[in-house]
Amino acid sequence: MRFIPGSGYFHLPRSLNDKLQTTNLKLSYLCPMSIVSTVQQCTIESLSALFNQSFTEKDFQVNQTKPEFEGDYTVVMFSLVKALKLSPDAIGTQLGDHLVKNYPQYFSAYNIIKGFLNLSVADAYWLDLLQKNHNDICYGKKALNGKKVMVEYSSPNTNKPLHLGHLRNNFLGWSVAEILKANGYEVIKSCIVNDRGIHICKSMIAWQQFANGATPQSTGIKGDHFVGDYYVKFNDAYKAEVDKLVSGGMDKAVAEKEAPIMKATQQMLLDWEAGKPEVIELWKKMNSWVYEGFDVTYKRIGTDFDKMYYESDTYLLGKNIVQQGMDKKVFFQKEDGSIWIDLTADGLDEKIVQRKDGTSVYITQDIGLALQKYEQYGIDQSIYVIGNEQNYHMKVLQLICRKLGMPNADNIHHLSYGMVELTTGKMKSREGTVVDADDLVDEMVATAKQHTEELGKVKDFSETELAELYDTLGLGAMKFYLLRVDPKKTMVFNPQDSIDFHGFTGPFIQYTHARIKSILRKVDGSSIMDNSKTAMNHDPSTMNLMPLEKELIIAAEQYPLMLEQACAEQNPSVIANYIFQLAKTFNSFYTEHSIANAESEAKKQLRLQLAIFTANIIQSGMQLLGIRVPERM
RNA sequence: GGUCCGGUAGCUCAGUUGGAUAGAGCAUCAGCCUUCUAAGCUGAGGGUCAUUGGUUCGAAUCCAAUCCGGAUCACCA
């Protein structure tokens with residue numbers, strides 16, 4: 001899963017070069033290799049020349065040099081000591097000499113401190129990199145690789161509106177899909193809607209009993225919230241009925257089954273499965289209300305899908321698979337007729353795959369849908385963005401698929417993300433502590449409005465421009481807040497932190513972008529084009545990079561690697577952390593050095609290129625997180 | 001109880017294919033706007049990397065045990 005550096009065009013083995021002639025992968029090799037890979041390759045070649053021994057990039061470590069030492073990248077000597085039978089410093093001296101002598105285009109100097117070989121990368125290398133890439137809006141992205149991936153995410157229930165937990169799922173799924181695209185994969189974003197079942201019937205029954213024909217239109221309530229309200233009403237009524245039965249002397253467990261509203265709900269589920277027209281009609285009507293509401297929310301938060309699956313269509317899938325499993329003796333039948341799989345040998349339990357009444361359970365549907373996805377799209381990988389509470393379920397799903405010998409079994413991947421908790425603990429719908437998605441978006445946008453008005457920098461904006469800016473900032477803050485944390489970890493949602501627009505936040509990065517754009521507006525665009533090459537080429541003496549200039553190029557150089565790492569780990573937080581680091585570096589640079597009024601024309605062109613490079617990467621990286629960046633703010 | 005995941009600064013999080021004195025943001029304190037947007041920059045304080053032992057030139061990172069927290073182990077989805 002981890003990214004392995006070293007796949008650039010530099011010194012490709014002959015066989016691989018030959019391969020490139022005949023495959024469509026050619027383009028992905030056209031991007032220049034990273035400086036880390038360059039250091040590795042040069043080190044390998046130097047070691048071979050010096051000591052006549054062959055090493056691979058795994059035999060030694062290349063790190064970025066710590067700021068307190070002179071140099072840019074560091075080769076750690078210790079792991080070579082055994083093979084070469086020399087002291088770390090002796091190896092370092094020979095290697096450093098050889099590298100600087102034989103690769104002057106890459107290395108300008110070296111020093112050795114306690115077994116660490118610190119290499120200074122030649123300014124010419126950085127300048128070349130800057131000139132070649134600063135204007136490339138596709139910098140770091142890869143050409144199509146012919147692989148197809150499906151990312152299933154969001155997966156809402158049609159009985160209640162989206163909440164904070166769904167937001168993490170939506171942002172994560174969307175972002176991972178975009179990151180995969182940027183790395184050359186063809187991606188199908190899909191969504192399975194849980195639109196049937198007992199929980200859906202609960203809100204239907206409650207509406208029948210309490211609504212008196214009210215609709216979202218008649219009440220002015222957004223459709224998903226409207227239906228969600230009846231789901232709550234069901235639970236209130238149900239609890240009241242159970243309490244009444246219990247106080248009448250009934251056992252609680254019995255009361256929970258005997259409560260009239262629950263019995264009515266169960267009957268409704270049977271009627272639904274039997275296709276009873278008035279139940280189907282009500283179901284369609286209420287679901288359509290929910291979808292109207294979801295559409296508004298999805299559009300607002302920027303979620304989209306290429307393929308929708310509905311559980312009402314897929315819940316019967318997998319039935320024939322049960323029969324196949326019986327034939328293959330993967331499943332077995334118990335005396336009561338129910339069908340199971342024994343996973344105890346794999347450290348799990350027995351798992352039911354078909355009820356005694358012949359109906360299929362959740363996991364069976366999932367097996368069927370997994371196969372359908374594969375057959376419909378021929379996908380190479382199938383990613384499920386699902387909370388870690390379902391780790392066990394997904395493990396079982398994959399295991400069953402394997403045992404059934406399904407061709408797609410190994411392509412299933414559970415992108416398991418952690419729950420979002422509140423500072424007060426977990427969200428609990430029963431205690432009313434669930435943070436509603438629509439409310440949260442409104443609050444973030446309102447906060448953006450308030451901050452913007454306080455600062456008063458965009459007083460000339462039109463109403464439309466202002467509304468767009470508030471959306472950009474509010475949603476940017478929210479998405480960044482949820483995506484900056486490693487997906488697999490449980491995270492805490494702190495309302496105060498989430499509406500902070502300073503520091504490690506989306507608006508901080510957006511602000512950096514707006515500042516750059518402000519400079520670029522002030523500098524005549526044509527002068528950039530006309531003067532850049534001539535000025536910079538004619539004045540090499542002023543081209544000695546200052547520390548912050550170099551630091552910024554070094555950071556920018558790492559973007560392609562970050563994209564690969566984010567893809568390999570399916571982890572947008574890699575990009576969030578990186579872009580923040582880049583923006584921070586730019587802000588230090590910005591404070592220290594003037595761009596428009598630089599010391600010389602050459603420096604001005606250099607810094608303009610740096611600013612453009614930074615803005616392009618910020619824009620590109622933020623786009624992969626689903627965050628827009630403003631021209632002004 | 002079985003399985004899995006986690007424990008790093010007051011708070012929220014980086015850092016984990018083993019590398020130099022463990023980093024950010026928030027909060028606290030001290031500075032910086034007649035010069036490209038101060039939603040910014042600079043600096044200070046703040047750590048038993050849960051605990052103990054092991055592996056080795058070197059451990060927050062790998063291994064073992066323990067403590068603490070969470071998830072899961074439904075004829076629910």
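Letters A, B, ... mirror the listed sequences (proteins, then strands); counts begin at 1.
Counting non-hydrogen atoms under 4.0 angstrom, A:Met419 reaches nothing in the nucleic acid. Using a 4.0 Å heavy-atom distance criterion, A:Phe508 is classed as a sugar-phosphate-only contact. Nucleic acid contact class of A:Ser416 (heavy atoms, under 4.0 Å, all strands): none. Nucleic acid contact class of A:Phe580 (heavy atoms, under 4.0 Å, all strands): sugar-phosphate only. Within 4.0 Å (heavy atoms only), A:Leu473 reaches at least one base atom of the nucleic acid. Within 4.0 Å (heavy atoms only), A:Glu389 reaches sugar-phosphate atoms of the nucleic acid but no base atom. Nucleic acid contact for A:His593: base, since at least one base atom lies under 4.0 Å from a heavy atom of the residue. Contact annotation for A:Glu311: backbone-only contact, meaning every heavy-atom pair under 4.0 Å involves sugar-phosphate atoms and none involves a base. Backbone-only engagement by A:Val485 is indicated by non-hydrogen atom pairs under 4.0 Å involving sugar-phosphate atoms exclusively. Among the protein residues, A:Ser573 comes within range of no part of the nucleic acid, since none of its heavy atoms lies under 4.0 Å from any strand. Nucleic acid contact for A:Asp195: none, since no nucleic acid atom lies under 4.0 Å from a heavy atom of the residue. Within the nucleic acid shown, A:Asp486 comes within 4.0 Å of sugar-phosphate atoms alone, with no base atom in reach, counting heavy atoms only. Looking at heavy-atom distances under 4.0 Å, A:Phe501 makes contact with a base. Residue A:Tyr511 is in base contact, counting any heavy-atom pair closer than 4.0 Å across all strands shown.
Between the CZ atom of A:Phe493 and the P atom of B:C13 there is a distance of 12 Å, given to the nearest Å. Atom C1' of nucleotide B:G19 and atom CG of A:Asp89 are separated by 15 Å, given to the nearest angstrom. A straight line from CG of A:Asn63 to P of B:G19 spans 7 Å, rounded to a whole angstrom. The distance between atom OH of A:Tyr481 and atom P of B:A24, rounded to the nearest whole Å, is 21 Å. We find that CZ of A:Arg168 is positioned 11 Å from C1' of B:C13, with the value rounded to whole Å. The separation between A:Tyr309 atom OH and B:A77 atom P is 21 Å, rounded to whole Å. Atom NZ in A:Lys584 sits roughly 10 Å away from atom C1' in B:A14 (whole-Å rounding).
In B:C33 the base sits syn relative to the sugar, since the glycosidic angle is no further than 90° from 0.
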Per-residue pairing states of RNA chain B in dot-bracket (Watson-Crick or G-U under 3.5 Å; . unpaired, | other strand) read ((((((((.[[[[.)...(...]]]].(((((.......))))).....[[[[[..)....]]]]])))))))....

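Under the 3.5 Å distance criterion, the side-chain polar atoms of A:Gln333 are matched with a main-chain donor or acceptor of A:Gly337.
A cation-pi contact, defined as under 6.0 Å to the ring centre and within 45° of the axis, is absent between A:Arg484 and A:Phe580. Taking the ring centre of A:Tyr417 as origin, the terminal cationic atom of A:Arg168 falls outside the region bounded by 6.0 Å and 45° from the ring axis. Remark: A:Arg632 fails to qualify as a cation-pi partner of A:Phe461 under the 6.0 Å distance and 45° angle criteria applied to the six-membered ring.
Aromatic ring pairs are classed by plane angle as parallel below 30°, tilted from 30° to 60° and perpendicular above 60°; the pair A:Tyr559 and A:Tyr578 is parallel.
Checked against B:C36, B:U37, B:C41, the side chain of A:Ala514 finds its nearest nucleotide in B:U37. Each of B:U37, B:C73, B:A20 was ranked by its minimum atom distance to the side chain of A:Arg521; first place goes to B:U37. Of the candidate nucleotides B:C41, B:G25, B:C36, B:G25 has the atom lying nearest to any side-chain atom of A:Phe504. Checking B:G19, B:A20, B:C36 against the side-chain heavy atoms of A:Ile113 singles out B:A20 as nearest. In this structure, the nucleotide among B:C41, B:C36, B:A77 sitting nearest to the side chain of A:Thr591 is B:C41. In this structure, the nucleotide among B:A20, B:C36, B:C73 sitting nearest to the side chain of A:Thr74 is B:A20.
Across the P atoms, B:U72 and B:A65 are found 25 Å apart, a figure rounded to whole Å. Rounded to whole Å, the separation between the P atoms of B:A24 and B:G43 comes to 9 Å. Between B:U55 and B:U17, the distance separating the two P atoms is 22 Å to the nearest Å. Rounded to a whole angstrom, the distance from the P atom of B:A20 to that of B:U37 is 40 Å. Look at the P atom in both B:C57 and B:U12: the space between them is 39 Å, to the nearest Å. Remark: the separation of the C1' atoms in B:C41 and B:C33 is 11 Å, to the nearest Å. Annotation: B:A59 and B:A22 have their P atoms spaced 13 Å apart (nearest Å). Using P as the reference atom, B:G58 and B:U42 are 37 Å apart when rounded to the nearest Å.
A:Asp366 and A:His393 are linked by a side-chain donor-acceptor pair at a separation below 3.5 angstrom, with hydrogens and angles left out of the test.
Between A:Arg607 and the choices A:Glu549, A:Glu601, A:Glu592, the salt bridge (Lys or Arg N to Asp or Glu O under 4.0 Å) rule is met once, by A:Glu549. Looking at A:Phe69, A:Tyr110, A:Phe78 one by one, the single match for ring pair (Phe, Tyr, Trp, His ring centres under 6.0 Å) with A:Phe116 turns out to be A:Phe78. A:Thr158 pairs with exactly one of A:Asp224, A:Asn287, A:Asp195 by the side chain to side chain donor-acceptor pair (under 3.5 Å) rule, that one being A:Asn287.
Side-chain N/O atoms of A:Lys66 include one lying less than 4.0 angstrom from OP1 or OP2 on B:A20. In this model, the phosphate group of B:U42 is approached by a side-chain N or O of A:Ser588 to a distance below 4.0 Å at OP1 or OP2. An OP1 or OP2 oxygen of B:A38 is reached within less than 4.0 angstrom by a side-chain nitrogen or oxygen of A:Arg515. At least one side-chain nitrogen or oxygen of A:His502 sits closer than 4.0 Å to the OP1 or OP2 atom of B:G40. Here A:Lys395 does not reach the OP1 or OP2 of B:U72: none of its side-chain N or O atoms lies under 4.0 Å away. Remark: A:Lys522 is in phosphate contact with B:U37, judged by side-chain N or O atoms under 4.0 Å from OP1 or OP2. For B:G25, the OP1/OP2 oxygens have no side-chain nitrogen or oxygen of A:Arg484 closer than 4.0 Å.
Counting only heavy atoms from C-beta outward, the side chains of A:Gln372 and A:Tyr309 approach each other to under 4.5 Å. A:Ile205 has its side chain out of reach of A:Tyr238: every pair of non-hydrogen atoms, C-beta onward, lies at least 4.5 Å apart.
With RNA chain B read from its 5' end, the first of the two nearest nucleotides for A:Thr505 and A:Val458 is the one closest to A:Thr505.
Within 3.5 Å, no donor on the side chain of A:Asp500 pairs with an acceptor on the base of B:A27, nor the reverse.
Stacking between A:Phe78 and B:G58 is absent: the ring centroid is not both under 5.5 Å from the six-membered base ring centre and under 30° in plane angle. Ring stacking holds between A:Phe69 and B:A20, with the centres under 5.5 Å apart and the planes within 30 degrees of each other.
Atom CD1 of A:Ile341 and atom CG of A:Leu399 lie 6.5 Å apart (nearest 0.5 Å).
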